[in-house]
Amino acid sequence: MSFSNLGLSEKVLAAVAATGYTTPTPIQEQAIPHVLARKDVLGIAQTGTGKTAAFVLPMLTILEKGRARARMPRTLILEPTRELAAQVKENFDRYGAGQKLNVALLIGGVSFGDQDAKLTRGVDVLIATPGRLLDHTERGGLLLTGVELLVIDEADRMLDMGFIPDIERICKLVPFTRQTLFFTATMPPEIRRITETFLHNPQKVEVSKPATTAVTVTQSQVPAGKKAHEKRELLRRLLREAKDLKNAIIFCNRKREVAIVHKSLQKHGFSVGALHGDMDQPARMAALEQFRKGELPLLVASDVAARGLDIPEVSHVFNFDVPHHPDDYVHRVGRTGRAGRSGTAISIVTPLDQKSMVAIEKLIGQSIPRAEGDYEVHAEAGDATDRPREQRGRERSRGGRGKPQRGRDRERSHEPREARPSAEARPAPEARPAREPRPPREARPSPEPRHGSRPQANASHVPSIGRPEPRRQREADTEPGDHSHLPAFLLRPVRSPAGA
DNA sequence: AAAAAAG
């Protein structure tokens, strides 16, 4: 199968050929002919399946005829996040280069006036997040009565984000006779309901969901204490010792944690950017762009970066926090090992994360082995090296010890052994009540190598990544000023420990 | 439990 059989125009075929793609993905192969036949399409597909090109390419073909009128866009694409919207625009810029097409991006966080001026000139393709789009319509600068084709992308994610009322409002503003392309990864009842109202006799296109992680990704978990400073210290060690690390995304569960980890890595000399939804839009775009260009090899991010963002060639994904929702794990890990390339995903797992890990392993249908190497949780009880500043805001994880933990223990003991798929992968720690002191190291089973005969991730084998801190030194945390142990490409160009 | 999006 090739692109030339799908009914796309010569111009679009030439643009596709110029990018080097020769074979359409299943979703493209199935959806493109329906779009060109001006049918409604219900596409059930995850990100990473080539979904974006499945609507961009036929839209470009359709848009070759006719032109836009002022304030009346011809097509409208709704996206859940600003970054995804910007990415769709890049697709139009790339494949529509040979066409004089007006593409406008209507997202929050950037100048309203520039967007308004562009609308006045007339746009063929309007790509928007719901809030800013409604802002423009309410102020009267935008009329949706000329929209011939509407794309609702990542509908289930919009549902999660509470956008569905906005989407329903927007749908009332576009003509009833429009063509609608509706994409979702899953079909919860609420999504089913809106497909019935938004779509007319839709052609259903479904591709097998990669509800699992790619086989080319080497996954592992590393045990850690639940204290954030221990996790940050472990992260630094993992970054230094990682094999073949070219660039990495480090995921945190909270925006606050993203900021803290980012600052901490900066302080320790790493060349690192941050991405989360509380950053202003120029900073978000700059971070993403620098990371894409390779100017920053490391990116600390919230789940805003977990889905859909096309960042080629990410060699490593780190879960600084284990995601509480197993789907998010799949999405995060999906940032690496794309298009058959190899990738590495390493999760820092505290005792509190065990439940989440079991759910993740169940979802992906495989156990995630312990990383090779000497990764052990530091002594916790009465740790004399505790620094008070690290204890701020830790009340929740320390206080209320008795009740919740008793509850968890009880639950555990009622769980049948064979119902826990990964019991074999992680023998000792979670089988033991969390309150008991850990036995001496010698008594614990040593982590078994899980990945064939891969040599131990020892820094002496990977000179390019740097050497690990000696254990004693780690206890005391590294001197922020001393960056000599970091390989050059991970090193911040600015040597002064600014912003400390 | 949190993130995402309109200021």
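The structure displayed is predicted, hence computed values, not measured ones. Scope of the values below: all heavy atoms of this structure, side chains included, with no hydrogens, waters or symmetry mates. A note on names: the letters A, B, ... follow the listed sequences, proteins ahead of strands, and every chain is numbered from 1.
Candidate nucleotides B:dA6, B:dA1, B:dA5 were compared by shortest atom distance to the side chain of A:Glu138, and B:dA6 ranks first. Which of B:dA4, B:dA6, B:dA1 sits closest to the side chain of A:His325 comes down to B:dA1. Candidate nucleotides B:dA5, B:dA2, B:dA4 were compared by shortest atom distance to the side chain of A:Arg254, and B:dA2 ranks first. If you check B:dA4, B:dA1, B:dA6 against the side chain of A:His324, the one that comes closest is B:dA1.
Distance A:Leu159 CG to B:dA5 P: 16 Å, rounded to the nearest Å. Between A:Phe163 atom CZ and B:dA5 atom P there is a gap of 7 Å when expressed in whole angstrom units. The NE2 atom of A:His331 sits 13 Å away from the C1' atom of B:dA3 (whole-angstrom rounding). Taking atom CG of A:Leu106 as the reference point, atom P of B:dA5 lies 15 Å away to the nearest angstrom. Per the geometry, CZ belonging to A:Phe112 stands 18 Å off P belonging to B:dA5, to the nearest Å. The distance from atom CG of A:Asp153 to atom C1' of B:dA5 is 16 Å, rounded to the nearest whole Å. One can place CD of A:Glu257 at 16 Å from P of B:dA1, the figure rounded to the nearest angstrom. A straight line from CZ of A:Arg139 to P of B:dA6 spans 12 Å, rounded to a whole angstrom.
At a threshold of 4.0 angstrom between heavy atoms, the contacts of A:Asp303 with the nucleic acid are absent. Among the atoms of the strands shown, none is found under 4.0 Å from any heavy atom of A:Gly162. A:Arg284 comes within contact range of the sugar-phosphate backbone alone, with a heavy-atom separation under 4.0 Å but no base atom that close. Across all strands, A:Asp166 comes closer than 4.0 Å to no nucleic acid atom at all (heavy-atom distances).
Place A:Thr81 and A:Asp135 on DNA chain B by their nearest nucleotides, and A:Thr81 ends up nearer the 5' end.
Under the side chain to side chain donor-acceptor pair (under 3.5 Å) criterion, A:Gln281 pairs with A:Arg82, A:Arg284, sequence neighbours left out. Here A:Ala68 pairs with A:Arg74, A:Asp124 under the side-chain contact (heavy atoms from CB on, under 4.5 Å) rule; sequence neighbours left out.
Cation-pi geometry between A:Arg157 and A:Phe183 is not met at under 6.0 angstrom from the ring centre and within 45 degrees of the axis.
Dashed line: the shortest gap from a side-chain N or O of A:Thr129 to OP1 or OP2 of B:dA4 is not under 4.0 Å. Contact annotation: A:Arg157 side-chain N/O to B:dA5 OP1/OP2 distance is not under 4.0 Å.
With salt bridges taken as basic N to acidic carboxylate O contacts below 4.0 Å, none links A:Glu241 and A:Arg236.
The closest side-chain donor-acceptor pair between A:Thr120 and A:Arg71 falls under 3.5 angstrom.
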